[in-house]
Amino acid sequence: QVQLVESGGGSVQSGGSLRLSCAVSGYTYWSYCIAWFRQTPGNEREGVAVIDSDGRTSVADSVKGRFTIAQDNAKNTVYLQMNNLKPEDTAMYYCAADFSGRTVVGGAWGASDFADWGQGTQVTVSP
């Protein structure tokens, strides 16, 4: 059974940085996409960044230039490096995985493309 566990959230001031981690276990597929989403109360989950098993990435325009997604295959972990954080980045951040063998990098993608989800980690950015 696939398990995704997020960590690294917390409270920072505007302009600060955080690195979120998503540890993935329980899978045997070599072709995958893993993404970070965020959600605020009353709103839908917003895709932030995605990486596939070939290392290709896509980052949402709203965070481009500030957020970076990367993976460490030896540790089965995907990271979201968040720099120059703003109060509007405050949200619950989730990682999600798709092991269907297709990539969404380079095209439109959203929450419905991912079947496996973590529990989330809270990020709070104060002015």
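Worth saying up front: this structure is predicted, and the values here are computed from it rather than measured. Sequential numbering from 1 along the given sequence is applied to the chain's residues. What's counted below: heavy atoms across the whole structure, side chains too, no hydrogens, waters or symmetry copies.
Residues T103 and C33 come closest through the heavy atom pair CA-SG, 3.5 Å. Considering every non-hydrogen atom in both G110 and D113, the closest pair reads N-OD2, 2.8 Å. Scanning both residues, S14 and P127, for their nearest heavy atoms gives CB-C, 4.0 Å. Nearest heavy-atom pair, W109 versus A35, reported as atom, atom and distance to 0.1 Å: CZ3-CB, 3.8 Å.
Hydrophobic cluster membership differs between Y32 and V50, with clusters built from Ile, Leu, Val, Met, Phe, Trp and Tyr side chains linked at under 4.5 angstrom. Side-chain heavy atoms closer than 4.5 Å link hydrophobic residues (I, L, V, M, F, W, Y) into clusters, and following such links, possibly through other members, connects V78 to F67. Linking Ile, Leu, Val, Met, Phe, Trp and Tyr whenever their side-chain heavy atoms come within less than 4.5 Å puts V63 and Y93 in one cluster. Put simply, F37 and L80 are part of two different groups of oily side chains (I, L, V, M, F, W, Y) that touch within less than 4.5 Å, one to the next.
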Audit row: Q3, V24, side chain to side chain contact (heavy atoms under 4.5 Å, CB included) steps and yes/no = CA-CA 6 Å; Q3 187 174 18; V24 186; over 6 Å; no
Apply the test side-chain hydrogen bond (donor to acceptor under 3.5 Å, both in side chains) to residues Q81 and R19: give CA-CA distance (whole Å), side-chain angles for both, the deciding distance (0.1 Å), then the verdict.
-> CA-CA 4 Å; Q81 178 66 45; R19 187 178 76 161; 4.8 Å; no
Let me see the working for V48 and V59 under side chain to side chain contact (heavy atoms under 4.5 Å, CB included), right down to the final yes or no.
-> CA-CA 6 Å; V48 176; V59 179; 5.6 Å; no
Verify side chain to side chain contact (heavy atoms under 4.5 Å, CB included) between L18 and V12, making sure each step is shown before the conclusion.
-> CA-CA 8 Å; L18 284 174; V12 296; 3.7 Å; yes
For S11 and Q122, what are the C-alpha separation, side-chain angles and deciding distance, and is it a side chain to side chain contact (heavy atoms under 4.5 Å, CB included)?
-> CA-CA 8 Å; S11 297; Q122 177 69 36; over 6 Å; no
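Atom-to-atom distance recorded for E46:CD and T40:OG1 is 8.5 Å, nearest 0.5 angstrom.
Checking side-chain atoms of T121 against main-chain N and O of G9 turns up a donor-acceptor pair under 3.5 Å. Judged by distance alone, with hydrogens and angles left aside, the side-chain atoms of Q71 form a donor-acceptor pair with the main-chain N or O of D52 at under 3.5 Å. A donor-acceptor contact shorter than 3.5 Å links the side chain of T90 to the backbone of V125. No side-chain donor-acceptor contact under 3.5 Å links T57 to the backbone of I69. No donor-acceptor pair under 3.5 Å is formed between the side chain of E6 and the backbone N or O of C22. Here the side chain of W117 pairs a donor or acceptor atom with the backbone of F114 at under 3.5 angstrom.
No side-chain heavy atom of Y94 sits under 4.5 Å from any side-chain heavy atom of R38. For the pair V123 and L20, the minimum side-chain heavy-atom distance is below 4.5 Å. Residues D116 and L4 meet the side-chain proximity criterion, which asks for heavy atoms closer than 4.5 Å.
D72 and T77 share no side-chain donor-acceptor pair at under 3.5 Å.
A salt bridge links K64 with D61: the closest approach of a Lys/Arg side-chain nitrogen to an acidic carboxylate oxygen falls below 4.0 angstrom.
Within 6.0 Å of CD on Q119 lie no more than 12 heavy atoms contributed by other residues, nucleotides or ligands.
The hydrophobic cluster around Y79 extends to none of the other residues, as no ILVMFWY side-chain heavy atom falls under 4.5 Å of it.
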